[in-house]
Chemist: 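Here it is, the structure in full.
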Amino acid sequence: MEQFIKYIDHKLPDQRGNEILFKYKRKLLDEMNERYLEVSQRGISDSKVISDLIISEHPEPEKEYRTFYISETAAARAKKNLIVNVVGSVLYILSIIILFLGISFLTHKWGQTWLIVVDGILLWVVYLLTMGVKKFTSMRRFFHLFARILLALDVMVATVAVFLFSLVMIGFSKSWIIVIAGVAAMFISDALYAYFTKRRLAIFIYLIYIPSVATMLYIILSAIGVLAWNTGWMLIIFSLVLDFAVIYISMVRNSRYKQEVIDTWKEN
């Protein structure tokens, strides 16, 4: 209806080249016309009364437009990012294959150059997993479990890439240490994720991971000669003491919080 058009144009003046605004105005007009037909079929015959009623249902179209704009730009951004990631992934994989073939034919070290493709693909997988962690983290808390799983896979895939490079290119005889360090890093990253996302009962995660990481640290430091095998195990004992310290601090904080709640309740 013409009255709807005038109202929309008054509230949302035209902006040259703003396709999102035009799309929203078209959408709003269609909704108002559909609503007009719906109301007119309920026994109300006065067109002005119906029009005023429909207009009153949209008192602030500017706010509605801002919400619509955010939704539309987010969808466009997501589509653009998808295209960029797909095209970028294809170009990246082609690049590492070309690099692999070029270096292999020049050096004839096929027994080592295969690592270019394998590690290249692993790093690409790390990127995809990182994107997945970011996506699930932005969703409801229920989906954070999937983010944690992807984060663990992310760390382990990166660990395998570093392990293969150390073993094949550097020839480090104790490359197995990197795998153990990767498992420790997986625990640490999960604990940090629980902390920064303010996960409930995260303290139980800390209590499990602290001695686990300490055990792996004991193996790593002893293997490279920083600690002696026969005395380094004390690191595990220290981690258990640290667990008790974490429990004590948590209990003190909880008791203080409860006391503050009681005091506040009494004051009121």
Side-chain angles (χ1 to χ4, degrees), residues 1-42 44 47-93 123-155 157-158 189-202 205:
M1 290 186 63
E2 186 176 350
Q3 188 174 349
F4 294 156
I5 296 174
K6 290 180 179 179
Y7 175 73
I8 294 172
D9 285 338
H10 173 69
K11 290 289 186 177
L12 298 167
D14 286 334
Q15 297 176 8
R16 182 175 297 179
N18 191 337
E19 295 181 3
I20 296 178
L21 177 61
F22 176 79
K23 184 178 179 180
Y24 172 72
K25 291 171 72 173
R26 182 74 260 178
K27 174 177 174 293
L28 179 58
L29 179 61
D30 290 341
E31 289 177 356
M32 295 175 81
N33 286 332
E34 289 176 7
R35 180 67 173 145
Y36 180 90
L37 292 175
E38 180 185 343
V39 174
S40 64
Q41 292 173 359
R42 295 181 179 178
I44 303 176
S47 61
K48 187 177 186 309
V49 171
I50 298 176
S51 299
D52 290 342
L53 175 64
I54 304 303
I55 289 174
S56 69
E57 294 177 351
H58 300 275
E60 296 181 310
E62 305 93 331
K63 289 185 178 180
E64 295 178 24
Y65 168 65
R66 282 196 290 271
T67 302
F68 180 81
Y69 179 84
I70 293 172
S71 175
E72 284 291 303
T73 52
R77 195 181 307 114
K79 183 178 179 180
K80 180 180 178 181
N81 288 339
L82 177 62
I83 295 173
V84 169
N85 281 320
V86 171
V87 174
S89 295
V90 171
L91 293 176
Y92 173 76
I93 292 173
L123 293 177
W124 174 63
V125 172
V126 166
Y127 170 75
L128 294 180
L129 288 172
T130 302
M131 296 290 290
V133 172
K134 183 179 178 182
K135 179 63 177 178
F136 280 121
T137 302
S138 67
M139 299 168 71
R140 289 184 301 167
R141 187 169 291 273
F142 169 79
F143 293 96
H144 287 188
L145 173 62
F146 300 104
R148 293 175 63 193
I149 293 172
L150 292 183
L151 179 60
L153 292 173
D154 199 349
V155 173
V157 171
S189 63
D190 188 51
L192 290 173
Y193 185 90
Y195 174 78
F196 285 111
T197 56
K198 302 185 186 304
R199 182 175 177 79
R200 292 182 61 187
L201 305 178
I205 296 176

Chemist: If we ignore hydrogens and angles and just use 3.5 Å, is the side chain of S71 paired with the main-chain N or O of T67 as donor and acceptor?
Modeler: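 No, the answer is negative, given that no donor and acceptor are paired below the 3.5 Å cut-off.
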
Chemist: Does N81 offer a backbone N or O that forms a donor-acceptor pair with the side chain of N85 under 3.5 Å?
Modeler: yes

Chemist: Does the pair H58 and I8 meet the rule for a side chain to side chain contact (heavy atoms under 4.5 Å, CB included), with working shown?
Modeler: CA-CA 10 Å; H58 300 275; I8 294 172; over 6 Å; no

Chemist: Answer yes or no: is there a side-chain heavy-atom contact under 4.5 Å between L12 and F22?
Modeler: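 The answer is no, as the side chains (C-beta and beyond) never meet within the 4.5 Å cut-off.
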
Chemist: For the CG atom of L53 and the CE atom of M32, what is their distance to the nearest 0.5 Å?
Modeler: 10.0 Å

Chemist: Does K23 reach the side chain of R26, with side-chain heavy atoms less than 4.5 Å apart?
Modeler: no

Chemist: Tell me whether the count of non-hydrogen atoms from other residues, nucleotides or ligands lying under 6.0 Å of CZ in R141 goes above 12.
Modeler: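 Yes, the 6.0 Å shell around CZ holds more than 12 heavy atoms from other groups.
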
Chemist: How far does NZ of K11 sit from CD of E64, to the nearest 0.5 angstrom?
Modeler: 11.0 Å

Chemist: Hey, are E62 and R66 close enough for a salt bridge, meaning a charged N less than 4.0 Å from a carboxylate O?
Modeler: no

Chemist: Starting at NZ of K135, measure out to OG1 of T137 and round the result to the nearest 0.5 Å.
Modeler: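 Output value for this atom pair is 11.0 Å.
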
Chemist: State whether a side-chain donor-acceptor pair under 3.5 Å links Y24 with E72.
Modeler: no

Chemist: Roughly how far apart are I55 CD1 and Q3 CD, rounded to 0.5 Å?
Modeler: 4.5 Å

Chemist: Is the shortest heavy-atom distance from the side chain of L28 to the side chain of P61 under 4.5 Å?
Modeler: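 A side-chain contact under 4.5 Å exists here.
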
Chemist: Is there a side chain to side chain contact (heavy atoms under 4.5 Å, CB included) between Y92 and V87 once you walk through the steps?
Modeler: CA-CA 9 Å; Y92 173 76; V87 174; over 6 Å; no

Chemist: Within the structure provided, determine whether S51 and Y7 are in side-chain contact (heavy-atom separation under 4.5 Å).
Modeler: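 S51 vs Y7: side chains apart.
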
Chemist: P13 and L21: which non-hydrogen atoms are nearest, and at how many Å?
Modeler: O-CD2, 3.4 Å

Chemist: Tell me yes or no: between the side chains of S89 and Y127, is some donor less than 3.5 Å from an acceptor?
Modeler: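 Not at all, the side chains of S89 and Y127 share no donor-acceptor pair under 3.5 Å.
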
Chemist: How long is the gap from CD1 on I20 to CZ on F68, to the nearest 0.5 Å?
Modeler: 7.5 Å

Chemist: In terms of the angle between their ring planes, are Y65 and Y69 parallel, tilted or perpendicular, with boundaries placed at 30° and 60°?
Modeler: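 Tilted.
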
Chemist: Donor-acceptor pair, K25 side chain versus D9 backbone, under 3.5 Å?
Modeler: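 Flag not set: sc K25 to bb D9 has no pair under 3.5 Å.
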
Chemist: Are I205 and R148 close enough, and set up right, to give a side chain to side chain contact (heavy atoms under 4.5 Å, CB included), and what steps lead you there?
Modeler: CA-CA 12 Å; I205 296 176; R148 293 175 63 193; 3.5 Å; yes

Chemist: Can you confirm whether more than 12 heavy atoms, excluding those of R199, are under 6.0 Å from its CZ atom?
Modeler: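 Open.
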
Chemist: Measure the spacing between CG of N33 and CD1 of I5 and express it to the nearest 0.5 Å.
Modeler: 7.5 Å

